[in-house]
S.K.: 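My structure is below; once you've seen it, I'll send some questions.
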Amino acid sequence: MGWAIALHGGAGDIPLSLTLGSRQPREEALHHCLQIGVEALKAKKPPLDVVELVVRELENIPQFNAGKGSVLTNKGTVEMEASIMDGRTKNCGAVSGLKTVVNAVSLARLVMEKTPHVYLAFHGAEEFAKEQGVETADSSHFITAENVERLKQAKEAHRVQIDYTQPLQNGTKEETSNTNGEVQLGTVGCVAVDSYGNLASATSTGGLVNKRVGRIGDSPIIGAGTYANELCAISVTGEGEAILRATIARDVAAMMEFKGVSLEEAASYVIHECMPKGTAGLVAVSAAGEVAMPYNTTGMFRACATEDGYSEVAIWSAS
Amino acid sequence: MGWAIAVHGGAGDISRSLPHDRRQPREEALRHCLQIGVEALESNLPPLDVVELVVRELENIPHFNAGRGSVLTSEGTVEMEASIMDGNTMRCGAVSGLTTVVNAVSLARLVMEKTPHIYLAFDGAEQFAREQIHLHCRIFQGVEIVDSSHFITPENVERLKLAKEANRVQIDYNAQPIQNDTKKEKPCANGDSQIGTVGCVAVDSHGNLASATSTGGLVNKMSGRIGDTPVIGAGTYANELCAVSATGKGESIIRGTVARDVAALMEFKGLSLKEAADCVVHERTPKGTVGLIAVSAAGEVVMSFNTTGMFRGFATEDGYSEVAIWSDAQVE
């Protein structure tokens, strides 16, 4: 038993032909964020601090769909959301509908620690952010050219997408680097456990490309996108509506608790037996320091490390 | 096996000395709503329609904290939320932050049926409501918009004032207003503090299940605060085994994933509906924070709470029905 950490940058239909130009920055970012998390755990920071720190870092990286680089609503705006949960106390915090807050995950933590509530959204959340003096920025900070393009394509195709799906097919198998390469991003999240078995989870996102203004997904929903208790910590990614309906994060923990199965079995079962193919992935750690990162999509940007020295950054399966 | 239905008008610290004129209208309202649900089931309406119908009725009754009669935010406004779930398909819909929509539960159902999403909130939800009406040039499928003054009652204005004076956020059952060193409870404070979230669960004789919950939230809540009611797995849940609607302290219900846990205990641990509900309410959530109603595919009904009371009622096809507030005398 020792510490363990896992993080993700989103699950989805990430084509194996992803160009190096799209792939490398993301792999590097995952390495970088993993390293930050590992150093924090080695410095004995509580897992709650660790997951917040790592998710902040992921939010700041424009290649991922959270914070800077969030996908756009049907009105071309950003509406960011996040949640965080402390396994030991089951305290949690969540936010939705943020437009100017640079780090949604930190605001979620402030909701948890500075208010009698768990979840604040839209104007109320922005007001609270002002009161707390958290860092805010104009929307131009969050909006990237890639996401403007992504929205344009989605509108043309009349679809709302996890932002991994293939752009408009032109009857050819050739994927233009401009569209395909840029389509690969997703929700971010991090789970961590220290050597005492304290667990925490955090998830953050910009949501679905071309979503209706006001649409809330799974990321800020305790039990759907994020969950942590004394057994495990989970952060989920994929198609928000499917994850909400299936209460994935809670179900993994509930299977462990009520059925007595291992983290690996529970996580694998929920993803591979309960979810429609192509809709979800998750990262999870247990109190005993185990890690699981199952997904039923083509790929999932992910990374993990454990105290015994193991570490991994990956997108697709080994085979 | 036959149909079964349960309704609630909120769990909390409902004082046993609740004055008659505070008690009776609520009991009558529960009976009335229960009857509507029973008639709907007897005429073979799908449970999803039944729970929506009943919750609409509860929302329209000003004595309950949902729709008209919703408690107020710290700014003196209403922000209503609701969710609905169909057990067979596990399709669900949820809304939050509504200020002008008369029936939040119906809007939640429209989100489920007319959008690729599950959950819409605040401006986006209000905008969606307007689009639905515009498209159909009349009140359409129960979406009606009014000025937000429609929802605000004098009792709730008073309740907010008291809460601000006491500087607290309450489920609106926390009966005791500011103590004046007397045991006397001012009627306008105590009597009016007994209202709460509403909900309905139903199962037909084929085992189809559905659940719906609706609320104004917590008195004096921060604007933008979302509770358990629109959160699938917390305030509302339905699958092929059971349908659950929870009420009480929203934050505890979210943390405890109450509605999902009842179903999960049945599914993963093989507990009966009653065992699962009792376990969640009495062993897994802090005392004084939660109540729930639930029905199973087999037509069983459970109404469990760890608060002083819960406004509730249920009926089953074999002819049994009951409306109650507190427990029977015996300690469980």
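Every chain is numbered from 1 and lettered A, B, ... according to where its sequence line falls, protein lines coming before strand lines.
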S.K.: I need the residue from B:Ile226, B:Thr257, B:Ile254 with the largest number of non-hydrogen atom pairs under 4.5 Å to chain A.
M.R.: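 If we count pairs closer than 4.5 Å to chain A, B:Ile226 comes out on top.
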S.K.: Under 4.5 Å between any side-chain heavy atoms of A:Glu127 and B:Glu75, yes or no?
M.R.: no
S.K.: Calculate, to the nearest 0.5 Å, the distance between atoms CE and CZ belonging to B:Met222 and A:Phe128 respectively.
M.R.: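 Separation between the atoms: 5.5 Å.
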S.K.: In terms of heavy-atom pairs under 4.5 Å with chain A, which of B:Leu271, B:Leu265, B:Val231, B:Asp228 leads?
M.R.: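 Going by pairs under 4.5 Å, I would pick B:Leu265.
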S.K.: Would you call A:Arg245 and B:Ile118 a side-chain contact if the rule is heavy atoms closer than 4.5 Å?
M.R.: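 They are in side-chain contact.
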S.K.: Which answer fits B:Tyr237, side chain, backbone, both or neither, if we ask what part of it has an atom under 4.5 Å from a heavy atom of chain A?
M.R.: side chain
S.K.: A:Thr89 versus chain B, heavy atoms under 4.5 Å apart: side chain, backbone, both or neither?
M.R.: backbone
S.K.: How many angstroms lie between OG1 in A:Thr247 and CG in B:Asn239, if you round to the nearest 0.5 Å?
M.R.: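 If we round to the nearest 0.5 Å, A:Thr247:OG1 and B:Asn239:CG are 9.0 Å apart.
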S.K.: Within the structure provided, determine whether A:Leu208 and B:His117 are in side-chain contact (heavy-atom separation under 4.5 Å).
M.R.: yes
S.K.: Does any backbone or side-chain atom of B:Arg255 lie under 4.5 Å from a heavy atom of chain A? Answer side chain, backbone, both or neither.
M.R.: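 Backbone plus side chain of B:Arg255, per the 4.5 Å heavy-atom cut-off to chain A.
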S.K.: Could you give the distance from CD1 (B:Ile232) to CG (A:Leu244), rounded to the nearest 0.5 Å?
M.R.: 7.5 Å
S.K.: Where does A:Ile216 contact chain B at under 4.5 Å (heavy atoms): side chain, backbone, both or neither?
M.R.: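 Both backbone and side chain.
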S.K.: Kindly indicate whether the side chain of B:Tyr119, heavy atoms from C-beta on, has any atom under 4.5 Å from the side chain of A:Arg215.
M.R.: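 Not in contact.
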S.K.: Any ion pair linking A:Lys259 and B:Glu267 (charged N to carboxylate O, less than 4.0 Å)?
M.R.: no
S.K.: For A:Glu230, does the CD atom sit with more than 12 other heavy atoms under 6.0 Å from it, leaving out its own atoms?
M.R.: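 Count not over threshold, so no.
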S.K.: Would you check if A:His123 and B:Asp123 make a side-chain contact, meaning some heavy-atom pair closer than 4.5 Å?
M.R.: yes
S.K.: Can you tell which of A:Gly223, A:Ala254, A:Ala125 has the highest number of heavy-atom pairs within less than 4.5 Å of chain B?
M.R.: A:Ala254
S.K.: Sort out for me which of A:Val111, A:Asp251, A:Thr115 touches chain B most, counting heavy-atom pairs under 4.5 Å.
M.R.: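 If we count pairs closer than 4.5 Å to chain B, A:Asp251 comes out on top.
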S.K.: Counting heavy-atom pairs under 4.5 Å with chain B, which one of A:Ile222, A:Leu120, A:Ile221 comes out on top?
M.R.: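 Heavy-atom pair counts peak at A:Leu120.
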S.K.: For A:Lys90, is the NZ atom crowded, meaning more than 12 foreign heavy atoms sit under 6.0 Å from it?
M.R.: yes
S.K.: Measure distances from B:Thr115 to the heavy atoms of chain A and classify the residue's part below 4.5 Å as side chain, backbone, both or neither.
M.R.: side chain
S.K.: Please report whether the ring centroid of A:Phe122 lies less than 6.0 Å from that of B:Phe122.
M.R.: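 Yes, the ring of B:Phe122 comes within the 6.0 Å limit of the ring of A:Phe122, centre to centre.
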S.K.: Holding to salt bridge (charged side-chain N to carboxylate O under 4.0 Å, His left out), I want the full list of residues that pass it with A:Glu257, two or more places apart in sequence or in another chain.
M.R.: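 Only A:Arg250, B:Arg284 meet the salt bridge (charged side-chain N to carboxylate O under 4.0 Å, His left out) criterion with A:Glu257.
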